[in-house]
Amino acid sequence: MKIINRMFIGLGLVALMSSCDLTTESKSTKTDADVFSDPTLTEYQLFSITEVFGHTNSHRGRYLPWYGYNTDVEMYVSTTVDSKSQVAQYDLKPNNSQLNTGDNPYNELMTGIERANLAITGIRRYGNVDIRPEMAERLGEALVLRALLYTELLKAFGEVPARFEPVGPDNIYLPKADRDVIYRQLLADLEESFGYLDYDVVKTDRVGLAFAKGLYARLALMASGMSWRPDDGQVGTGNSGSNRLSSAADLQKSVLYPKALAALKDVIKNGRLSLISDYEELWKSVNNMDLTGGKEIVYSIPFSNSRGRWNYTFAVRSENATTMSPSSSSRGGQAGPVPTLYWKYGANDLRRDISCVNFSWEDKGNGTKAYPSGIASWYFGKYRFEWMTAVPYTGGNDDGVKPVYMRYSDILLMAAELANSSESGADRDEDYAKEQLLKVRKRAYRGNEDEAETYVSALSGETAVFKAIKDERALEFVGEFLRKADLIRWGELGSTVVAAQDEMKSFVAGVGSLGINKVLWYRQTADGIETYGLRPGETESDLVTPPAGSGWILYTEYKGESSNYISDNSFEKKFLYVSGLDKDGIDKRMWWPIFESTVTNSQGALVNDYDY
C-alpha cells in the first residue's frame with residue numbers, strides 16, 4: 001500500500017475514495033516502510049492528525065466555539081432562536097443547518113482518527129520501536145493524539161464506532177460500539193504511551209508525558225462517572241437509555257481511581273510543571289500565543305497563527321471597529337459567564353475580574369472606550385484582543401489564539417477529587433486532596449493567602465471537600481468549557497442547569513437582599529472600566545451622588561436617560577437558556593446526535609439513540 005500526501009477519510013461516513021486512489025503511483029509517493037521507518041517523515045504524518053483541528057467545521061469554527069454551553073457557569077449570549085442557539089438550548093436536531101454537512105465535527109474527528117490509525121499501524125510495523133527510542137516517542141504521541149480525538153467524540157456524541165484499525169474492505173461501515181469498549185482501548189493506549197514519552201516538552205502544542213497522564217485521568221473520570229447511556233446490549237438501536245454508571249466491573253471508580261491518582265501524583269512530583277503565580281499574566285501569555293512548555297499550560301490546540309476562531313468568538317466584545325479589533329463587524333462576546341457567577345467569587349479572589357467582564361469596547365466618535373455592556377451580557381476576560389500584542393488581531397475571521405485544552409491547575413484539582421474519594425483505594429487521603437486544592441486557591445488569593453488557607457483548613461469530610469472542589473473548578477475554569485463534561489460525569493448536568501436557570505430568574509428580585517444596587521456608576525481605566533455598585537457593600541448615598549474620586553459616570557439607557565442597570569427583565573431579554581425541558585430532558589440531550597448526512601452515508605450502520 002502507498003501513503004499518499006493527502007491522508008484520506010475513507011470512513012464509510014462521507015464519500016469514500018475509490019480503491020485505485022489508495023495505490024496510485026506518483027513521484028511524490030512513498031511506501032509505508034519509507035515513511036514509518038523515518039522519524040522526520042513520521043513526524044509529518046503526526047502533524048496531519050492535528051491538522052483536522054483547523055478545518056472550518058471542526059474545532060476551528062464549530063466544535064470548540066459551540067461545545068460546552070449552557071451550564072451554570074457558561075452561557076450563549078443571544079436574543080435569536082435559530083440553528084446556533086439549538087446547541088445551547090439542548091435542542092440540537094440531526095438536520096441542524098449549521099452542522100448537518102459532509103464536513104461536520106463528527107466526520108472531521110473521524111478523519112483525524114483514521115490518520116492516527118494509519119500512523120500507529122505504520123510505526124508498529126516499520127518503526128522498530130523496541131530499539132529506536134525516537135520512533136517509540138512518535139508512537140506514544142500518535143496513541144495520545146488518537147485518544148484526544150476520541151475524547152472529543154465521546155464528550156459530544158456519547159456512543160460512536162470503535163475504529164482502531166485503518167479502513168479496509170472489511171470495516172468500511174461500522175455501527176456504534178458500547179462506549180466501554182472505546183474507554184478500555186484508550187486507557188490501555190495511554191498506559192502504553194507512558195513508556196514512550198517524557199516530561200520534556202518544548203512547546204505546549206506537542207504531546208508529552210504530563211498530557212498523556214492528565215488525559216488518562218480525565219478519561220478515567222469520564223468512564224467511571226455518570227452519563228446517559230443506552231441499556232446494555234442496545235447501543236445503536238434507537239434505545240432511549242437512562243442516566244447511569246457503567247455496569248462493567250473494570251470501569252468502576254474503585255478500579256480506575258487508584259490508577260488515575262497514581263498517574264497524576266507522578267505528574268505533580270516529577271512533571272516539572274507549576275502554576276504561574278499571576279493569574280492575569282497567565283492569560284496574557286495565552287492571548288500572545290506563548291507555547292513555551294514546562295510552565296502551567298499542559299496542552300494547547302495547535303492552530304496556526306492565521307487559523308482558529310477563539311478570540312473571534314469569546315474575547316471581550318468589540319462593537320464594530322475599535323483600536324484592537326479593526327473590523328466593521330462586531331467581534332467576540334458570543335458567549336460569556338453566567339451573570340450570577342460574578343457574585344460567587346470572594347471579594348479578594350483575583351480570578352473574578354479577569355474571568356467575568358461586564359463591559360465591551362466601542363468607538364462612539366471619540367476613540368475606543370469601554371462601556372457597561374448590560375447586566376445580562378458578561379464576557380470572558382481571559383480572552384482579549386487588547387492583550388494580543390505579539391500577533392495583533394487584524395479583524396478577520398481567524399485570530400490564531402491557541403485554546404488551552406489542559407492546565408496544571410486541572411491536574412491538581414483532578415488529583416484532589418480522586419484522593420478525596422472513598423473509591424480511590426483503601427486509604428482516602430483528605431490531607432493530600434486539600435493540599436492540591438490549596439495550591440489553586442492560594443494562587444487565586446495572591447496577597448491574601450491566609451484567607452485561602454483558612455477556607456481550605458476548615459473543610460472536613462468527603463462531602464464538604466468534594467463540594468469545595470466542584471466549586472473551585474467552576475471558578476478556575478470558567479470560559480475553558482470543562483464544566484459540561486464535569487457536570488455529566490457527576491450526574492448533575494440537568495439538575496444544575498435547572499437550578500442555574502431558576503437562580504437567574506430570582507436574581508433580580510433578590511438584588512436588595514444581596515446588598516447589590518440596581519443603579520451603576522463607572523469610569524474608564526487603562527484596561528476597561530471600574531464599576532461602583534455591583535459589589536455588596538457599595539451603597540454610598542444609595543448611589544444618588546457619585547462615589548469618591550473623579551471621572552465617575554452614571555449608567556444611562558440607550559437614549560441617555562437615567563435607568564436602573566439591573567431591571568426586572570434584564571435577563572429575560574438577553575439570556576437564552578433551556579425552554580420546556582426539565583432535569584431529565586436536559587440530561588437526555590447531553591449528547592449531540594450524529595448528523596443526518598452522516599447517518600445516511602453510513603449505509604444503515606449508524607442509528608441515533610435517545611429518541612433522536
Side-chain angles (χ1 to χ4, degrees), residues 54 60-61 64-65 74-78 276 278-292 297 300-301 303-337 342 350-404 478-481 520 522-531 551 553 555 558 574:
R60 173 212 177 228
L64 282 180
E74 292 141 342
M75 71 175 192
Y76 178 55
V77 180
S78 176
I276 293 177
D278 188 320
Y279 200 67
E280 182 173 311
E281 287 303 313
L282 163 66
W283 293 105
K284 285 183 175 179
S285 73
V286 171
N287 284 267
N288 276 305
M289 306 183 202
D290 181 359
L291 297 176
T292 306
I297 307 300
S300 305
I301 298 296
F303 289 149
S304 71
N305 285 358
S306 60
R307 201 64 172 161
R309 293 185 172 187
W310 193 255
N311 277 15
Y312 169 94
T313 306
F314 297 125
V316 174
R317 190 168 182 82
S318 282
E319 299 286 355
N320 304 315
T322 62
T323 301
M324 67 284 297
S325 176
S327 169
S328 58
S329 299
S330 298
R331 294 285 190 255
Q334 293 183 29
Y342 179 85
L350 298 174
R351 298 171 297 189
R352 181 189 63 189
D353 294 334
I354 295 168
S355 300
C356 303
V357 166
N358 192 222
F359 65 80
S360 57
W361 295 100
E362 190 171 359
D363 187 341
K364 296 184 177 181
N366 58 347
T368 298
K369 294 184 179 180
Y371 298 93
S373 54
I375 194 62
S377 297
W378 290 76
Y379 306 124
F380 303 124
K382 295 174 177 178
Y383 315 119
R384 307 192 190 205
F385 294 121
E386 57 269 31
W387 284 352
M388 296 179 66
T389 55
V391 184
Y393 177 59
T394 58
N397 288 353
D398 292 84
D399 52 71
V401 172
K402 325 301 184 215
V404 175
V478 59
E480 298 172 62
F481 299 101
L520 181 77
Y522 70 96
R523 61 181 174 183
Q524 298 288 325
T525 67
D527 294 327
I529 61 172
E530 178 185 1
T531 63
I553 301 170
Y555 171 79
Y558 71 101
K574 208 68 183 291

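The chain is numbered in sequence order, starting from 1. All values below were derived from every heavy atom in this structure, side-chain atoms included, with hydrogens, water molecules and symmetry-related copies excluded.
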Shortest non-hydrogen contact between Cys356 and Tyr342, atoms and distance:
CB-CD1, 3.9 Å
Could you check whether any side-chain heavy atom of Ile529 comes within less than 4.5 Å of a side-chain heavy atom of Pro372, counting everything from C-beta outward?
yes
Over all heavy atoms of both residues, which pair between Val404 and Glu480 is shortest? Give the atoms and the distance, please.
CG1-OE1, 4.4 Å
Can you check whether Leu64 reaches Ile301 side chain to side chain, under 4.5 Å on heavy atoms?
yes
Check: Lys369 main-chain N/O paired with Asp363 side-chain donor or acceptor under 3.5 Å:
no
Classify the ring geometry between Tyr383 and Trp283 as parallel (under 30°), tilted (30 to 60°) or perpendicular (over 60°).
perpendicular
Sidechain-backbone polar pair: Asp398 side chain, Gly400 backbone, donor-acceptor under 3.5 Å:
no
Does the side chain of Trp378 come within less than 4.5 Å of Ser373's, by heavy atoms?
no
Validation row: Trp387, Glu280 side chains within 4.5 angstrom (heavy atoms)
yes
Give a yes or no answer on whether the side chain of Ser330 reaches the backbone of Asn320 with a donor-acceptor pair at less than 3.5 Å.
yes
Cut-off 3.5 Å, side chains only: do Asp290 and Thr292 have a donor facing an acceptor?
yes
Side chain Asp399, main chain Val401, donor-acceptor under 3.5 Å:
yes
Report yes if some heavy atom in the side chain of Arg384 is under 4.5 Å from a heavy atom in the side chain of Lys284; otherwise report no.
no
Identify the heavy atoms of Phe359 and Tyr379 that sit nearest to each other, and give their distance.
O-CD1, 3.2 Å
Are the side chains of Val478 and Lys382 in touch, meaning some heavy atoms are under 4.5 Å apart?
yes
Met388 vs Met289, test: side chain to side chain contact (heavy atoms under 4.5 Å, CB included). Steps then yes/no.
CA-CA 8 Å; Met388 296 179 66; Met289 306 183 202; 3.9 Å; yes
Determine the minimum heavy-atom distance between Phe314 and Ala335, stating which atoms define it.
CE2-CB, 3.7 Å
Tell me if a side-chain donor or acceptor on Thr323 pairs with a main-chain N or O of Thr368 at a distance below 3.5 Å.
no
For the residue pair Val77 and Ser377, what are the closest heavy atoms and their distance?
CG1-OG, 4.1 Å
Taking all heavy atoms of Trp361 and all of Ala526, pick out the closest pair and write down the distance.
CH2-O, 4.4 Å
Determine yes or no for a side-chain-to-main-chain donor-acceptor pair under 3.5 angstrom, with Gln524 supplying the side chain and Ala370 the backbone.
yes
Do the ring planes of Tyr393 and Phe385 sit parallel (below 30°), tilted (30 to 60°) or perpendicular (above 60°)?
parallel
For Ser329, give me all partners under side chain to side chain contact (heavy atoms under 4.5 Å, CB included), at least two apart in sequence or on another chain.
Ser327, Arg331
So, is the end of the Arg309 side chain (NZ or CZ) under 6.0 Å from the ring centre of Tyr312 and within 45° of the ring's axis?
yes
Distance, nearest 0.5 Å, that separates OH of Tyr371 from CD of Glu319
11.5 Å
Within the structure provided, determine whether Asn305 and Lys402 are in side-chain contact (heavy-atom separation under 4.5 Å).
yes
Side chains of Leu282 and Ile297: closer than 4.5 Å at any heavy-atom pair?
yes
Working to the nearest 0.5 Å, report the span between CG of Leu520 and OG1 of Thr531.
5.5 Å
Side chain to side chain contact (heavy atoms under 4.5 Å, CB included) for Arg307 and Arg60? Distances and angles first, verdict last.
CA-CA 7 Å; Arg307 201 64 172 161; Arg60 173 212 177 228; 3.5 Å; yes
Output the distance between atom OG (Ser285) and atom CG (Leu291), rounded to the nearest 0.5 Å.
9.5 Å
Does any N or O in the side chain of Glu281 come within less than 3.5 Å of the main-chain N or O of Ile276, such that one atom is a donor and the other an acceptor?
no
